[in-house]
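The structure under discussion appears below in the form of structure tokens.
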Amino acid sequence: MSSVNVGASADAKAEALAVSPPLLPSRTDLAAGSALLFLGAGAGGLASGFDAISRTYPLVLGVLLASLGGVLIVQSLIAGAWRTNRSRAFTHAVPSACAIVAAWVACLAGGLGFVLPTFAMQWLLMRLGGVGGPVRAAIYAALVSAAGYTLFAVALGVRLPATLVPWLV
Amino acid sequence: MDQILLGLSTLGNPVVAAMLLLGVVAGMVVGSIPGINDNITFAVFIPFSFAMPADQALALMVGIYCAAAVGGAIPAIMIRVPGTASALLTAVDGNAMARSGHAGRALSIALTSSVVGGIASSIVLLAFAPTLASVALRFGYVENTALAILGLSSVVGLLSGAVLKGLASAFIGLLVATIGFSPTTGFPRYTFDSIDLIEGVPFVPLLVGLFGVAAMFELLDEMHRERADGLRATALPRIGSMRIGRALMRRLAPVWALSSVIGNLIGLLPGAGMLMAIFLSYDQAARRHRRHFAGKPGEAAWGEGAPEGIAAPESANNAVTASSMVPLLSLGIPGNSTSALFIGALAIHGMVPGPLLFAQHADIAWMIIVAFLVANLVMWPIAYLVVRTVSRTVFAIPKEAMAGVIALLCLMGAYADGGNLFNMWVALCAGSVAWAMKLAGIPLGPAILGLVLGPQLESSLANSLTISGGDWLVFLDPVGHPISLGMLVVSLALWVVPPLLRYRESRGRAEAPSTHPANP
């Protein structure tokens with residue numbers, strides 16, 4: 001019988017989902033409230049520059065969003081949310097992945113072609129995902145990049161972004 | 001009957017039928033990869049439908065939509081890792097039964113239950129969607145405004161304990177939907193002088209980002225945590241015979257019936273989601289097992305291989321799939337997040353879900369409905385083949401490599417929608433925002449509804465007020481617009497009833513100790 005690696009157990013997931021959302025505010029709620037207040041106020045402020053007919057609806061939405069943010073902040077402050085940190089331990093995986101993908105898109109936009117930036121992006125994501133060994137990650141990255149190119153450029157006929165180095169595709 | 005024949009004739013095109021079968025196979029195989037949920041499967045496949053005619057593309061999507069939920073049960077049973085969230089509870093009893101040497105029977109119960117639930121919900125879709133759409137066709141601006149409010153209220157009302165954040169999420173969606181030309185005056189709003197935003201945020205990249213890219217982030221984060229906790233290895237159980245006897249079928253029939261009813265009812269509610277249906281039906285099945293089978297000789301305990309524990313969640317999750325399309329196809333309100341993605345699939349081909357779909361694209365609308373039924377009918381043999389052939393290969397795909405694959409498929413898919421690099425940025429930003437919302441505990445569902453219903457709400461509201469001369473009471477007019485009044489009353493109830501029930505419950509809890517003899 002073959003064996004497979006099993007990650008998070010179903011029990012843990014079921015337990016996590018079965019628990020109803022916590023009602024006590026935390027530091028995360030304080031940050032979320034501030035973000036909503038900022039977003040709502042910004043949207044409302046920008047909307048006030050629109051013409052009279054077009055402005056009402058987004059302005060009302062912006063004000064309502066900012067108000068909700070305000071309520072969330074007040075609720076958190078009353079509950080002493082700055083003392084409670086309910087958020088999970090931070091891992092660098094998501095910001096790193098975001099940066100890798102953003103760099104890949106920037107390379108495509110910068111005319112570096114599809115193959116090299118895609119291979120580099122795949123290799124970095126494989127390593128970030130935990131594929132053991134740089135050579136194995138490189139093999140996987142090459143396979144995925146080649147499959148992606150075949151699928152999009154060859155099979156679906158998608159025109160890839162313009163490249164300054166056409167010999168590299 | 002004529003309409004069903006119309007749908008059948010569209011589906012009768014060999015290429016369209018082949019696409020449906022391909023969708024079922026692809027959905028099942030991809031859905032059975034641990035970590036790839038039904039939303040990702042769907043988000044990844046949407047861009048592939050660009051180059052296809054609408055009927056083929058949508059048949060493919062229906063196949064994927066139906067099969068992904070079924071495929072998720074395979075790894076749940078075999079390796080106790082749910083392929084999709086919908087197979088979360090199946091993993092408990094399913095894997096226990098598999099480890100006791102009856103993997104084939106567990107798989108068979110799961111597949112049969114899924115097919116029963118799927119067929120039941122296809123019949124509900126067939127019966128309700130066109131009727132509801134014909135009623136909705138008579139809606140004017142006033143009723144459409146009330147309908148949008150009802151759609152938004154239905155999801156916010158169901159967010160017990162997180163109403164404030166749910167509401168904020170809905171407003172975020174509504175605000176993002178205002179980006180681009182104003183529908184009334186054509187004034188460009190929040191475009192920041194970008195030509196790419198003039199027609200609004202491109203919808204397909206937005207959805208691909210909110211679901212696919214966010215899921216890729218989630219997968220990476222989860223793998224980092226798993227590595228920190230240490231992995232464990234288990235052996236794949238032998239599948240063995242997949243026959244289930246008549247006695248077991250008779251025993252499970254009431255569970256299938258009740259779970260299908262629960263799944264269908266939840267599916268009909270916009271925004272209620274699949275998990276609620278699964279948990280409710282699982283709870284009902286547990287009660288039934290306790291009443292009739294618990295403690296009897298030869299009977300597995302609940303959670304340790306009880307057949308009801310597999311049958312209930314599987315028939316409920318598939319009962320949600322087609323019934324969640326009822327509000328989408330008839331009213332344009334998505335029943336759950338995956339059906340919201342279906343809007344993207346329709347939008348690519350210039351179609352808008354809602355009553356006009358039946359009037360303007362009757363062949364496609366009826367083909368979709370009939371395809372749900374056909375997909376569920378062919379599900380069992382295809383699932384059997386998948387289990388017997390590719391499942392073991394699928395489980396061998398390293399989960400660690402999946403993040404890169406999802407990223408490439410989602411972002412290239414977003415790019416392919418018009419060949420615009422701006423779409424990639426949209427998908428990346430949307431994924432990051434969805435991830436941040438998840439961290440902050442802000443649910444994504446209401447935002448999706450806000451995005452979908454925003455344009456309808458704004459234009460209907462503006463037109464209603466213009467026609468009524470600015471009279472806001474037009475929405476509450478019991479003579480001129482009774483349907484609008486009814487929908488607004490239901491919306492209000494959705495807002496008011498849950499907090500009242502919670503208040504009553506908390507008061508009951510607070511009073512309970514004082515009435516208890518031990519706590520005078």
Side-chain angles (χ1 to χ4, degrees), chain A residues 1-11 13-14 17-18 20-21 23 28-29 31-32 36 43 46-47 50-51 53-54 57-58 61-62 64-65 68-69 71-72 87 91 93-94 97-98 101-102 105 108-109 118 121-122 125-126 128-131 140-141 144 148 152 156-159 161, chain B residues 48 51 76 79-82 88-89 91-92 160-162 164 167-168 171-172 174-175 178 182 184-185 187 189-190 217 220-227 231-236 275 392 395 398-401 403-405 407-408 411-412 416 419 421 424-425 428 432 435 439-442 458:
Chain A
M1 279 195 289
S2 59
S3 79
V4 284
N5 283 324
V6 176
S9 72
D11 285 345
K13 285 188 178 180
L17 276 158
S20 55
L23 294 170
T28 320
D29 292 339
L36 291 174
L46 284 172
F50 303 159
D51 72 60
I53 298 171
S54 309
Y57 179 74
L61 287 176
L64 287 172
L65 189 61
L68 281 175
V71 171
L72 204 57
S87 60
T91 71
V94 175
C98 200
V101 174
V105 181
L108 291 178
T118 306
M121 183 264 280
Q122 286 297 324
L125 285 181
M126 297 284 167
L128 191 64
V131 173
Y140 285 169
V144 175
F152 286 100
L156 295 175
V158 174
R159 249 185 82 187
Chain B
F48 294 131
I79 57 175
R80 206 181 162 86
V81 177
L88 203 66
L89 296 176
V92 182
S160 58
L164 203 65
L167 195 55
F171 284 143
I172 291 172
L174 289 171
L175 255 178
T178 63
S182 156
T184 41
T185 62
F187 188 91
R189 298 182 298 194
Y190 304 121
F217 288 156
L220 276 170
D221 189 57
E222 191 185 301
M223 284 188 302
H224 261 242
R225 289 175 202 285
E226 282 174 12
R227 274 208 302 282
L231 292 170
R232 56 194 165 86
T234 56
L236 277 182
L275 285 174
R392 280 170 188 271
F395 298 152
K399 193 177 167 187
E400 294 81 7
V405 177
L408 187 65
L411 288 154
M412 279 307 292
L421 278 167
M424 285 189 172
W425 291 116
L428 184 60
S432 306
W435 173 252
L439 282 185
I442 299 174
E458 186 182 3

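We name chains A, B, ... by the order of the sequence lines, and we start the count at 1 in each one.
Contacts between A:Val105 and chain B at a heavy-atom distance below 4.5 Å involve backbone atoms as well as side-chain atoms. Looking at B:Leu220, both its backbone and its side chain come within 4.5 Å of chain A, counting heavy atoms on both sides. Using a 4.5 Å cut-off between heavy atoms, B:Met412 touches chain A through backbone and side chain atoms alike. Both the backbone and the side chain of A:Phe50 come within less than 4.5 Å of a heavy atom in chain B. For chain B, the nearby parts of A:Leu128 are the backbone and the side chain; heavy atoms of each come within less than 4.5 Å. Residue A:Ala141 does not touch chain B at all, counting heavy-atom pairs closer than 4.5 Å.
Within the 4.5 Å cutoff, the side chain of A:Met121 has heavy atoms near those of the B:Leu408 side chain. For the pair B:Leu439 and A:Val94, the minimum side-chain heavy-atom distance is 4.5 Å or more. With contacts defined as side-chain heavy-atom distances shorter than 4.5 Å, the pair B:Leu428/A:Cys98 qualifies.
Chosen from A:Val131, A:Thr118, A:Val71, the residue pairing most often with chain B at heavy-atom distances under 4.5 Å is A:Val131. Listed options B:Val405, B:Thr185, B:Ile172, B:Ile442 were ranked by heavy-atom pairs under 4.5 angstrom with chain A; first place goes to B:Thr185. The residue among B:Met424, B:Glu458, B:Met223 with the most heavy atom pairs within less than 4.5 Å of chain A is B:Glu458.
Considering every non-hydrogen atom in both A:Ala43 and B:Tyr190, the closest pair reads O-OH, 2.7 Å. Heavy atoms only, all atoms of each residue included: A:Leu65 and B:Ala168 are closest at CD1-O, 3.6 Å. Across all non-hydrogen atoms, the minimal contact from A:Ala102 to B:Trp425 is O-CH2, 3.4 Å. When every heavy atom of A:Pro161 is checked against every heavy atom of B:Leu421, the shortest pair comes out as CG-CD2, 4.0 Å. What you find for B:Arg189 and A:Ser54 is that their closest heavy atoms are NH1-O, 2.9 Å. Taking every heavy atom of both residues into account, A:Pro58 and B:Thr178 meet most closely at CB-OG1, 4.3 Å.
Atoms CG and CG, from B:Leu411 and A:Leu108 in turn, are 9.5 Å apart once rounded to the nearest 0.5 Å. Taking CG of A:Leu61 as the start and CG of B:Leu174 as the end, the distance is 5.5 Å to the nearest 0.5 Å. Atom CZ of B:Phe171 is separated from atom CG of A:Leu64 by 4.5 Å, given to the nearest 0.5 angstrom.
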